[in-house]
Amino acid sequence: VPVFPWHSLVPFLAPTQSD
Amino acid sequence: SPVALPPFFMRGSIIQLADGELKRVEDLKTEDFIQSAEISSELKIDSSTVERIDCGQSPNAVLIQFSVGELKAQVCVEVLVEYPFFVFGQGWSSCCPDRTTQLFELSCAKLCVGDVCVSLTLRSLR
């Protein structure tokens with residue numbers, strides 16, 4: 001049975017925000 | 001072109017949280033994402049508010065515009081209408097919940113303007 005990592009469920013990586 | 005629906009949205013798919021715990025995709029809660037991001041060294045959870053939902057260029061596609069994080073960075077994604085997003089405090093939601101349920105047996109709410117979705121950013125600039 002394949003196991004998928006939790007973060008694969010989030011469809012996009014938002015732009016990194018600088019502090 | 002719109003992002004196709006990956007297999008892990010099928011009801012019963014096994015998802016591994018950051019602490020190693022296994023859960024079915026339909027059983028995930030907001031806390032699972034928050035806690036997984038807390039112990040992730042690379043990823044940070046952020047909130048993305050749905051600002052607009054428009055028709056996409058392909059049949060069955062929608063363009064969703066999000067406002068991300070405190071800086072309200074604008075992100076636009078084109079996905080199929082059945083693509084589910086995880087809404088804080090609500091769970092899986094898509095533009096066409098009936099179709100998501102029909103294709104993937106994943107119960108969904110209707111994704112609406114104003115909904116706040118789980119999104120991720122990298123923890124630090126490289």
Side-chain angles (χ1 to χ4, degrees), chain A, chain B residues 2-3 5-10 12-25 28 32-37 39-40 42-48 64 66-80 83-86 92 106 117-126:
Chain A
V1 177
V3 175
F4 301 98
W6 67 279
H7 52 77
S8 58
L9 296 166
V10 184
F12 62 90
L13 196 61
T16 305
Q17 298 180 9
S18 54
D19 294 326
Chain B
V3 176
L5 214 53
F8 39 74
F9 288 120
M10 184 68 77
S13 293
I14 305 298
I15 307 301
Q16 185 166 41
L17 305 182
D19 65 359
E21 186 186 351
L22 301 178
K23 279 201 167 189
R24 293 188 179 92
V25 64
L28 291 172
D32 294 323
F33 288 95
I34 292 173
Q35 287 166 9
S36 284
I39 61 176
S40 166
E42 293 180 341
L43 298 169
K44 184 175 68 160
I45 205 161
D46 217 337
S47 55
S48 288
I64 305 178
F66 292 97
S67 170
V68 184
E70 288 183 5
L71 297 181
K72 302 187 187 303
Q74 298 296 301
V75 174
C76 198
V77 293
E78 184 172 17
V79 294
L80 295 171
Y83 201 105
F85 295 84
F86 201 92
W92 294 113
L106 184 69
C117 300
V118 169
S119 65
L120 297 171
T121 57
L122 290 175
R123 275 198 181 276
S124 57
L125 288 167
R126 298 282 163 111

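The model shown is predicted, which means the values in this text are computed figures rather than measured ones. Every chain is numbered from 1, with letters handed out A, B, ... down the list of sequences.
Applying the side chain to side chain contact (heavy atoms under 4.5 Å, CB included) rule to A:Val3 yields the partners B:Ile14, B:Gln16, B:Leu22; only residues at least two apart in sequence or on another chain are considered. Every ring pair (Phe, Tyr, Trp, His ring centres under 6.0 Å) that B:Phe8 has, sequence neighbours left out, goes to A:Phe4.
Both the backbone and the side chain of B:Phe33 come within less than 4.5 Å of a heavy atom in chain A.
B:Leu28 places none of its side-chain heavy atoms less than 4.5 Å from the side chain of A:Trp6.
Your options are B:Ile45, B:Leu17, B:Val25, B:Ile15, and the one with the most heavy-atom pairs under 4.5 Å with chain A is B:Ile15.
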